[in-house]
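The next block holds one structure in the form of structure tokens; read it before the comments.
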2 protein chains.
Amino acid sequence: MSQTLDRGLQVLPLLAQGPTGLGEVAEHLGVHKSTALRLLRTLHEHGLVYRQSDQRYRLGARLFALAQEAMESLDVREIAHPHLVRLNEACGHTVHLAVHEEGEVLYIDKVDSRYPVRMYSRIGKPVALTVAAVAKVLLSDLPEAERRTLAEGLDYPLYTPRSTPHAAAFLKELAAVREQGWATDLGGHEESINCVAAPIRGADGRTVAAMSVSTPHVVVPRDELLALLPLVRRTADAISGEFSGRPPTKDTP
Amino acid sequence: MSQTLDRGLQVLPLLAQGPTGLGEVAEHLGVHKSTALRLLRTLHEHGLVYRQSDQRYRLGARLFALAQEAMESLDVREIAHPHLVRLNEACGHTVHLAVHEEGEVLYIDKVDSRYPVRMYSRIGKPVALTVAAVAKVLLSDLPEAERRTLAEGLDYPLYTPRSTPHAAAFLKELAAVREQGWATDLGGHEESINCVAAPIRGADGRTVAAMSVSTPHVVVPRDELLALLPLVRRTADAISGEFSGRPPTKDTP
DNA sequence: AATGAGCATTGCACATGATGCAACGTGGCA
DNA sequence: TGCCACGTTGCATCATGTGCAATGCTCATT
């Protein structure tokens, strides 16, 4: 829609891949160097782009700050966090919180069992849609039609022999998840990792987020992880309750 | 320089503060609503902005992903992290890693204290320049002239009675830090928090980052924190060594 | 139900501001 | 020293972004 802004924004993913010189940027955008220069300067003024000593450009500081602030303004996250910590303390395993946004599922919080929260370790990175337990929970809440369209548009990479192989299997699984109100990933993404996930729902009953507990199966066998399910679901429900308790803007009757 | 891009980018910090409607955005930019709409649409196409159900706009998923990628491309951070973790395991306190970038100092990594008392800081947030130990370390490496200019352009907020009161004191302190190769913040930012920081240097001897250990003085008295100094410096030096060992692109003779 | 207020959205004519060009400056390398 | 590659600047052109006014939409009020 807006050419200048569009071009300017194209620079960001380019720089994300690594430091880039003016010439490369111009070429990538298909514009004259002087144009690229002006765009980069503007990005620079906003702190989104940083010029390192060899005159090449990198993504800049403000970007981190923005992402961080945006993160903190997510209400679910704020409400959920103490619950996640408590769950982590109770069971000792890694706990994730994820949301669905425009065809992507991404982690917005994480409490790790061994190391304290590493802000950017995985948070913000899109999740493998076809196998992750949180993705199954979130996508299973979509209306039938959307689920089908989405499932058919996806790739089904075989991370492991247990990965969901094709759209039909995925849709079947989503239906089951929708029915039972929870999901698992038993070695579908990484051979040795199992997860259980449960939905967090808003006042209107729609799923607004999903949380999961992940364990390496060498430490915790599958049935032992499944024994945690009630605890996970109880935690998710507690968050749901608190979240719908004070709806941010309006009620749904 | 580039008006359209400039306006578009002004939207991001605005949305970072919380969900915002079209009208507000337009007003904030001082442009017509239709203009704001086109900007938001373009931002939306790039995934930087997300439209929530109540039609207000929030920062979007791609921003997290970008920040994530940018973060990973910071070599220092990658190299330093395991050292920070090890230091945290050794002493149990909060460890920070920070860099200097265009007049700002910001945390790029953090390993939380294992004690329940945690200090409030966040990755990506600019640091209080005049008092933080990491800021002193980083700024002390600037050339004399720049240091002076910078120091005189700063505000000197009195967070506590121990905060650096004015430019003269700050410059004096920076000189001392430069000389001794480490810095402290003894209750200058928050009354009850003390820090020690040390520089991480590149192959050419210039400071590329700074790391610090922070402790609440109720848990650790000052002299006990200072006793940690050798360990902190050793860690910083280890990181420096590893960092200069394999320079990413080219050597400096 | 009906009404209206508040908001987002669309099409259009105008001129502002983004663009590419060509000339200039600069630093590194042989 | 001279060359080459790259970043930088000023300027004339017109593509693009802009504000306006009119339309559509959703909700709250009567």
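All values below were derived from every heavy atom in this structure, side-chain atoms included, with hydrogens, water molecules and symmetry-related copies excluded. All values reported here derive from a predicted model rather than from experimental measurement. First the proteins, then the strands, lettered A, B, ... as listed; each starts at 1.
- Checking the phosphate oxygens (OP1, OP2) of D/dG19, a side-chain nitrogen or oxygen of B/T35 falls inside 4.0 Å.
- In the model, A/H46 has a side-chain atom that pairs as donor or acceptor with a side-chain atom of B/D6 under 3.5 Å.
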- Item | Residue pair A/T4, A/L39: steps toward the side-chain contact (heavy atoms from CB on, under 4.5 Å) verdict | CA-CA 8 Å; A/T4 311; A/L39 295 175; 4.0 Å; yes
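- One atom, CD of A/E27, and another, P of C/dG20, lie 14 Å apart when rounded to the nearest Å.
- The distance between atom CZ of B/R51 and atom P of C/dA8, rounded to the nearest whole Å, is 7 Å.
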- Show the numbers, then the answer: is there a side-chain contact (heavy atoms from CB on, under 4.5 Å) between B/R56 and B/T20? CA-CA 5 Å; B/R56 293 189 306 165; B/T20 314; 5.9 Å; no
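- Using a 4.0 Å heavy-atom cutoff across all strands shown, B/S34 reaches at least one base atom of the nucleic acid.
- Between the CG atom of B/L5 and the C1' atom of D/dT16 there is a distance of 14 Å, rounded to whole Å.
- B/D109 and B/H81 are linked by a side-chain donor-acceptor pair at a separation below 3.5 angstrom, with hydrogens and angles left out of the test.
- The distance between atom NZ of A/K33 and atom P of D/dT8, rounded to the nearest whole Å, is 10 Å.
- Residue-level contact check: B/S2 touches the backbone only, with heavy atoms under 4.0 Å from sugar-phosphate atoms and none from bases.
- Atom-to-atom, CD of B/Q55 to P of C/dG6 comes out at 17 Å; the value is rounded to the nearest Å.
- Considering only side-chain N and O atoms, B/T4 lies under 4.0 angstrom from the phosphate OP1 or OP2 of C/dA18.
- Rounded to an integer number of Å, the gap from B/L40 CG to C/dA8 P is 10 Å.
- By the 30° and 60° cut-offs, the orientation of the rings of B/H96 relative to B/Y107 is parallel.
- For the pair A/L22 CG and D/dC6 C1', the computed distance is 8 Å after rounding to whole Å.
- Each of A/Q3 and A/Y57 has a nearest nucleotide on DNA chain D; the 5'-most of these lies closest to A/Y57.
- In this structure, CZ of B/R56 is placed 12 Å from P of C/dC7, rounded to the nearest angstrom.
- Nearest-nucleotide positions on DNA chain C for A/L39 and B/G21 put B/G21 closer to the 5' end.
- Within the 4.0 Å cut-off from OP1 or OP2 of D/dG17, not a single side-chain nitrogen or oxygen of A/R7 is found.
- The side chain of A/R41 places an N or O atom within less than 4.0 Å of a non-bridging phosphate oxygen (OP1 or OP2) of D/dT9.
- Of the two residues contacting DNA chain D, namely B/V31 and A/H32, the nearest-nucleotide position lying further toward the 5' end is that of A/H32.
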